[in-house]
Amino acid sequence: DAFKIIKMDLLNTELSYLQYSNFNAGNLAIVDIILENTPPSSFNLISPVSGDTINSTSVRLTWENAIDPDVGDEVRYHLYYSTNNSFSNFSVINDITDTTCFLEECLIMGNAYWWKVSAEDSKGVTTECNNIFNFYVGQPTTVKDRSKVIPEEFFLSQNYPNPFNY
């Protein structure tokens, strides 16, 4: 029995292996095609970094791009965020095609949030990000009291010298 493995490109859509065995008795050849799907590459979260304080109920979350080496595989992301680090109760935003997501007016002041992202290829194979970040939603900064800036009295006086008086 002789086994050979030949790596080949099958219709430019995915990598595969052609394995065959050639038996001398009767010249019987057995061919198996083993399809292989590579998951998206590992990636990291970028911002907000762990421990940041956000003074808004909205936040932009960003992460690195996950690369899928399989030709034709599109990567989509799933963003998970929770008010506890075990993610026992979480919210998810599915099928994100970019490496950023804006959570608009959905955060609660005074809460801490943990977030993570998974990358999924078109065949359903996923890769989790390498890290989990957390951030705190603080109170918005106060606006200065402008009542002291507004003048109490207003008047015009003669310019000296007045260039229009000859």
Side-chain angles (χ1 to χ4, degrees), residues 5-19 32-156:
I5 298 178
I6 303 168
K7 189 173 183 177
M8 60 183 284
D9 190 5
L10 182 65
L11 301 175
N12 287 331
T13 58
E14 39 190 291
L15 294 174
S16 64
Y17 291 90
L18 174 65
Q19 175 179 315
D32 292 322
I33 296 178
I34 304 167
L35 300 179
E36 182 180 279
N37 182 43
T38 307
S41 64
S42 63
F43 62 100
N44 294 303
L45 303 178
I46 298 175
S47 71
V49 296
S50 243
D52 271 0
T53 297
I54 308 299
N55 291 319
S56 172
T57 57
S58 301
V59 65
R60 181 177 308 279
L61 305 171
T62 59
W63 55 90
E64 294 175 346
N65 191 27
I67 307 296
D68 194 316
D70 298 325
V71 176
D73 262 359
E74 180 182 328
V75 176
R76 294 190 175 270
Y77 300 96
H78 308 287
L79 168 69
Y80 304 87
Y81 63 100
S82 176
T83 54
N84 60 62
N85 61 357
S86 66
F87 288 87
S88 57
N89 185 16
F90 63 88
S91 297
V92 63
I93 300 174
N94 290 309
D95 298 324
I96 303 168
T97 57
D98 196 6
T99 57
T100 186
C101 183
F102 190 66
L103 301 179
E104 189 170 2
E105 303 297 328
C106 63
L107 305 175
I108 299 171
M109 293 292 199
N111 280 359
Y113 290 88
W114 283 261
W115 67 287
K116 63 183 180 178
V117 176
S118 67
E120 181 180 9
D121 68 12
S122 57
K123 298 195 180 40
V125 178
T126 61
T127 299
E128 296 286 328
C129 58
N130 293 326
N131 41 15
I132 296 174
F133 281 176
N134 70 316
F135 60 90
Y136 177 75
V137 180
Q139 298 298 326
T141 57
T142 59
V143 177
K144 290 184 179 181
D145 182 11
R146 294 188 167 229
S147 64
K148 296 177 183 171
V149 178
I150 299 173
E152 294 177 10
E153 168 178 333
F154 180 79
F155 63 93
L156 292 173

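Both backbone and side-chain heavy atoms feed into the values below; hydrogens, waters and symmetry mates do not.
Residue-environment remark: CG (D95) exceeds the threshold of 12 foreign heavy atoms within 6.0 Å.
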Give the intermediate values and the outcome of side chain to side chain contact (heavy atoms under 4.5 Å, CB included) for residues N65 and F43.
-> CA-CA 7 Å; N65 191 27; F43 62 100; over 6 Å; no

Yes or no on side-chain hydrogen bond (donor to acceptor under 3.5 Å, both in side chains) for S86 and N84, after CA distance, side-chain angles and deciding distance?
-> CA-CA 6 Å; S86 66; N84 60 62; 3.1 Å; yes

I would like to know whether T97 and R76 meet side chain to side chain contact (heavy atoms under 4.5 Å, CB included); could you show each step before the answer?
-> CA-CA 5 Å; T97 57; R76 294 190 175 270; 2.9 Å; yes

Begin from the C-alpha positions of V117 and L61 and carry the test side chain to side chain contact (heavy atoms under 4.5 Å, CB included) through to its verdict.
-> CA-CA 10 Å; V117 176; L61 305 171; over 6 Å; no

Let me check something: any side-chain donor-acceptor pairs from residues 106-114 under 3.5 Å, sequence neighbours excluded? List them with distances.
unit_1, atom_1, unit_2, atom_2, d
Y113, OH, I108, N, 2.8

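Using a distance-only test at 3.5 Å, with no hydrogens or angles considered, no donor-acceptor pair links the side chain of T62 to the main chain of I46. Side-chain atoms of E64 come within 3.5 Å of backbone N or O of N44 as a donor-acceptor pair. With hydrogens and angles disregarded, no donor-acceptor distance shorter than 3.5 Å links the side chain of D121 to the backbone of V75. A donor-acceptor contact shorter than 3.5 Å is absent between the side chain of D52 and the backbone of S47. In terms of modelled atom types and a separation under 3.5 Å, the side chain of Y77 and the main chain of A66 share a donor-acceptor contact.
The two residues I93 and I96 make their nearest non-hydrogen contact at O-CD1, 3.7 Å. Between F87 and F90, the shortest heavy-atom contact is O-CD2, 3.0 Å. Nearest approach of S50 to N134, heavy atoms of both residues: OG-OD1, 2.8 Å. Contact between I54 and F135 at its shortest, heavy atoms only, is CG1-CD1, 3.7 Å. Contact between T127 and S41 at its shortest, heavy atoms only, is CG2-O, 3.8 Å.
By the 4.5 Å heavy-atom criterion applied to side chains, W63 and W115 are counted as neighbours.
Just one residue in the list V125, T126, D70 forms a side-chain contact (heavy atoms from CB on, under 4.5 Å) with P39, and that residue is V125. Checking T38, D68, D73 one by one against K123, the side-chain hydrogen bond (donor to acceptor under 3.5 Å, both in side chains) holds for a single residue, D73.
Side-chain atoms of S58 and E104 form no donor-acceptor pair, as typed in the model, at a separation below 3.5 Å.
Taken to the nearest 0.5 Å, the CG atom of N131 stands 11.5 Å off from the NZ atom of K116. Between atom NE2 of residue H78 and atom CD of residue E120 there is a gap of 3.5 Å, rounded to the nearest 0.5 Å. Taking CG from N85 and OG from S82, the interatomic distance works out to 8.0 Å, rounded to the nearest 0.5 Å.
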